[in-house]
Structure formats: C-alpha cells, structure tokens
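Note sheet for the following structure.
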There are 2 protein chains.
Amino acid sequence: MGRPAAGRSVTAKVLALLEAFTPEAQALTLTELARRADVSLPTAHRRAMELVAWGALERGPDSRFRIGLRLWEVASLAPRGLGLREAAMPFMEDLYEVTHENVQLAVRAGLELVFVERISGRDAVPVRTRVGGRFALHATGVGLVLLAHAPVEVQEEMLASPLRGYSAKTTTDPVRLREVLADVRRRGYAVSDGQVTTDALSVAAPIRDANDEVVAAVSLVVRADGAEPAALAPLVRTAARGITRRLASPVG
Amino acid sequence: MGRPAAGRSVTAKVLALLEAFTPEAQALTLTELARRADVSLPTAHRRAMELVAWGALERGPDSRFRIGLRLWEVASLAPRGLGLREAAMPFMEDLYEVTHENVQLAVRAGLELVFVERISGRDAVPVRTRVGGRFALHATGVGLVLLAHAPVEVQEEMLASPLRGYSAKTTTDPVRLREVLADVRRRGYAVSDGQVTTDALSVAAPIRDANDEVVAAVSLVVRADGAEPAALAPLVRTAARGITRRLASPVG
DNA sequence: GGAATCCTTTCACCCATTGAAAACGTGCCT
DNA sequence: AGGCACGTTTTCAATGGGTGAAAGGATTCC
C-alpha cells in the first residue's frame, strides 16, 4: 500500500476508538472519531459499526457515537470499580448522613488517582471531580493517602517529577511533600487544606484489602474556613476501617 | 487450516473476550477465558495481552484476568450510565435520607432493565440486584414503569413472550399485565408488591428527558408488610420530577 | 520423579482488514 | 431550483496482521 501504513493491530485500533471519548467529548461524529483515534475514515466506520452492533457504542439520531450501555455493564464488573464501591457505599452513606458534606472514594492508577464514587451534598462545597475522572496524587486528601502508601518506586517517581500547583497552597516542593507523606503514614489520615481550590479542605483515610495493602481511600471534603480536620479525622478513619473490614469478609 | 475457521472478525473476538466476564465469573484464567469466548488458546492469549497492555483487562498475581480500571473509566462516560447517575444522585440521596430504604435507578435495554445506581440501607430489605445487573421488565417497580412507557412494539413483544414468575405474586398473565401497565400510565407510578421476593414491595416513577420521553425510572423498595404504597408514591414521584428537571437543564 | 495442568512461543498459511476512490445523502447558500 | 460543501457509506484489489497446530516452559500435585 502506498503509505507506510500504521501497522497497528486491529485490537489497538478498536481500543483507540474507545479512547477517543473523553469527558469533554462524549458524543463524536464518525469523522471526529476517526481523527481522534488516528484511523482512516472507512476503518473507523467499519469498526465503529461493529462496536455499535455489540453495544459497546451507541449511535444517536444525530448520527453521533457515544459509549454504549453494554460496555458500561461489562465494565461495572471491574473489581476496583464495583466490588470496592459495593463494599464502601453503606459507610459512605453514613458519612454523608452525619455531615452532609462531599464524600469521595478513590483508587490509584499509576501516578494519578481515579474517583470511583462520590456523594455530593446539594449545599456542600462544589467539587469539580467526576466519578471515573482522574486527578494528580499530590494535592487531594485521597491522593496523599494513596501516595503515602504506594510502593516506594511510585513515590520516588512522583517526587522526582515536577509537582503541578492547583492553588497557592498546593505542596509543590518535593522535600515538603516527603514530610507530609511521612505524617500521613504516622497519623493514619491525610489533610489537604485548600490545595486544590482554596475554599475546600479534605480529610482522607486509607482502605486496606485482606493482605493489609492500601487499595483505596475515602475522604470528606468540607468548606475550608472553620473546618476542624482533627475532629473530622475519627469519622473518616472509622468509615475507612468499616470498609476495610467489609472487604476482608465480603459476605457480612 | 483444518477447521473451517469461525471467520469472526477480530473485533468480535475482542468483544467476546470482554463478554466472557459475568457477575459470577469476574476473574478468569486464560483457559477459561478462551473457552468462554470460544476462541483458540493462543488467540485468547494474544488478544488478552493486548487488552492488559491497554488496561481493558488486568491480570492479578494469580495470573487471572479481570476487567480493568481503564475500561471502567471509559465506560463511565456512557450517557445512560454516568450522565443520568450524576443528575439522579442528589435526589436519590434525599429519598434515602428520608426513608432509609433501598433506592434504585434503572434504564431499559431491550426487554430487560439495567440497574444504573442503587443505594441500599444497611437495615433495609435485602434486594439481590446489582448495579450493572439486568432484570426482567414485568416484575419490578422500575421495570413496570419502563415497560409502560416503552414503544408499543416493545410492549407487544413482551406481552407475547412467556412471562417468568419470580414469586407466587408475579404477574404472569399477559391480559392482567396489560391492565397493570395502563394503570401505571394513568396514575404516574408503579407498584410491585412481592412480585420478585414476597417480602419486598417497590414503588417506582418515570424520569423523562428533554423530549418528554421516559428514559429511566427511580424506585423505593421497602418491606412488604405494613407498606403504604399510596403514601410513598408522592415521595418517589417528586424525586423523579426533580431528576427530570435536572436532565432538562444539566447546569443548574 | 513423573504426571497433570496451565501458560507461552514458534511457524507457515491465509483471510479479515485496509486505503483510495467513488457513490450516496443531506443541508445550506445563492 | 441548482449547485456546492460536508459527512457518511460502499466497492475493490492488494496485503500484512491474525490464525491454529504443535512444540516448549513453568508450576503444582501426587
């Protein structure tokens, strides 16, 4: 064929098609899809039609493609997604009911975190996180917990890379961050005071699996002014322990 | 090649690999995966490795495959999954807080329904439904709402097929079901009294999109004895209307 | 040690996949 | 209306990623 031809595997192309969808682009025309996935238009068309036939994608009356319900169903079987959520929800509900603040659940994915669940009160501080969304590890409460208990290699890689600042209060100094992480491990919870947006403060605690490995973190996000991290910590830690216990014995 | 060779497309095989995972089989060995997806072992191996490399699957220390977090992230963009959930959660929280019973959110997928969200109280009636799980349309409260407002073809197809009974109280007579559906449309809510398990009763109401089409349903599931469907209905309907309003104006 | 089970790699054949190009719609502007 | 612009769908011959059989590793269990 005239051109060097990508030579990507079919599977890679199919995955690229799925990857083309982002929170900002949840509905794509065929042309957009092809361009974003970097495949030729006919190829995009053929693969996309197959994905639609199966239900991985859906096509609306506007002829735009969207992620399909069927894919969502299968994906909901992800152990770090649903299994965790299932165990955590009752405790998150309790936290929400007592405080009426934002309650978040996250896991680590490389050098970032992924929000697995979120309960946000109607009059709680607005947080701009999304279930399924990613965020850096060094700024949020949940992120600090996950980073503090991550394998050493991960921590070092994080400390070696430039730390992006989200607000004036974000910890961007590696030396300081190292201290913070040690604190988190010692105290058993993390506090992020205005490090994402200056008006929000979060308190987070680690959730462990049956092998005592930290696999997730829960947090409470409240308005920064007048917040008492020390008072919130026991609440969050108790919830985290409850979830940990539930993970150890999935039945009861 | 000895055998006629399936001739299935690569995409179909990849999707078959994903489809191999079910709520009962969330972790599969390569051999199991190959058998369930009906592909040869080497093929399963190659495709699965690619899926792992991308993050669609994960492979544990036990060398078993599981659905990966990355796939879950992408799938969370499904409009009927996350978008809906996002709009509905606050209202579902309200329902939960007031009643402390199970709150469910579901959409229709063909002749079945898919649960998109669920809040289950710790001391509420145990329900054996799962987020991401499917169920028949003719038994549950949400199902009756979705069926009552489904296109006529769907209703007729459902009424023409044998209606499975889940408990002694399940409506299995098409004639009776037709009446029930008319009732649901007239009253604006559905009641399923012990039709799934005899000890549970659910009250459900329709959620509409901007075009006034019913796209989902919320329900409250309570203990059957002593339940007052007529008293619960306004609560559920109010929540449903709230969600409908939110769907119409995603911002506010 | 030996057997059973599961996983991984190799190899030569070949069919599903591919891009260019052309046909098909559909809405918009003149 | 005509004609133009844009996005979508189909055709076709060439080909390279995909394929299963079979051999080679790696564990675990008796």
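Lettering of chains follows the sequences in order, A, B, ..., and the numbering in each one begins at 1.
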Report all interatomic pairs (protein N or O, nucleotide N or O of nucleotides 8-11 of chain D) with separations under 3.5 Å.
residue	atom	partner	partner atom	Å
D/dT8	OP1	A/Leu30	N	3.2
D/dT8	OP2	A/Thr31	N	2.9
D/dT8	OP2	A/Thr31	OG1	2.5
D/dT9	OP1	A/Arg59	NH1	3.3
D/dT9	OP2	A/His45	NE2	3.1
D/dT9	OP2	A/Arg59	NH1	3.0
D/dT9	OP2	A/Arg59	NH2	3.2
D/dT9	O5'	A/His45	NE2	3.2

Could you tell me whether [X] and [Y] make a salt bridge, using a distance below 4.0 angstrom between a side-chain N and a carboxylate O?
{"X": "A/Glu86", "Y": "A/Arg246", "result": "no"}
{"X": "A/Glu58", "Y": "A/Arg66", "result": "no"}
{"X": "B/Arg36", "Y": "B/Glu19", "result": "no"}

**Request:** Please name all residues satisfying side chain to side chain donor-acceptor pair (under 3.5 Å) with A/Arg47, sequence neighbours left out, ordered by chain then number.
**Result:**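 Testing A/Arg47 for side chain to side chain donor-acceptor pair (under 3.5 Å), a comparison that skips the adjacent residues, returns A/Glu50.
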**Request:** Sequence neighbours left out, what passes side chain to side chain donor-acceptor pair (under 3.5 Å) with A/Glu156? Give chain and number order.
**Result:**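 Here the qualifying residues are A/Arg178.
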**Request:** Enumerate, in order of first residue number, the stems that involve DNA chain C, defined as 3 or more consecutive Watson-Crick or G-U wobble pairs with both distances under 3.5 Å.
**Result:**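 Listed by first number, the stems are C:1-6 with D:25-30, C:8-22 with D:9-23, C:24-30 with D:1-7.
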**Message:** Going by salt bridge (charged side-chain N to carboxylate O under 4.0 Å, His left out), name the residues that satisfy it together with A/Glu213, two or more places apart in sequence or in a different chain.
**Reply:**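 Result, salt bridge (charged side-chain N to carboxylate O under 4.0 Å, His left out) vs A/Glu213: none returned.
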**Residues in salt bridge (charged side-chain N to carboxylate O under 4.0 Å, His left out) contact with A/Arg85, at least two apart in sequence or another chain** =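 Residues passing salt bridge (charged side-chain N to carboxylate O under 4.0 Å, His left out) with A/Arg85: A/Glu117, B/Glu117.
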**Message:** Does C/dT18 have its OP1 or OP2 closer than 4.0 Å to a side-chain nitrogen or oxygen of A/Lys13?
**Reply:**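 A/Lys13 to C/dT18 OP1/OP2: side-chain N or O found under 4.0 Å.
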**Within 6.0 angstrom of A/Arg241 CZ, more than 12 heavy atoms from elsewhere** =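 Incorrect, the count does not exceed 12.
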**Prompt:** Rounded to whole angstroms, how far apart are CZ on B/Arg8 and C1' on C/dA16?
**Reply:**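 Checked: the CZ to C1' distance equals 14 Å.
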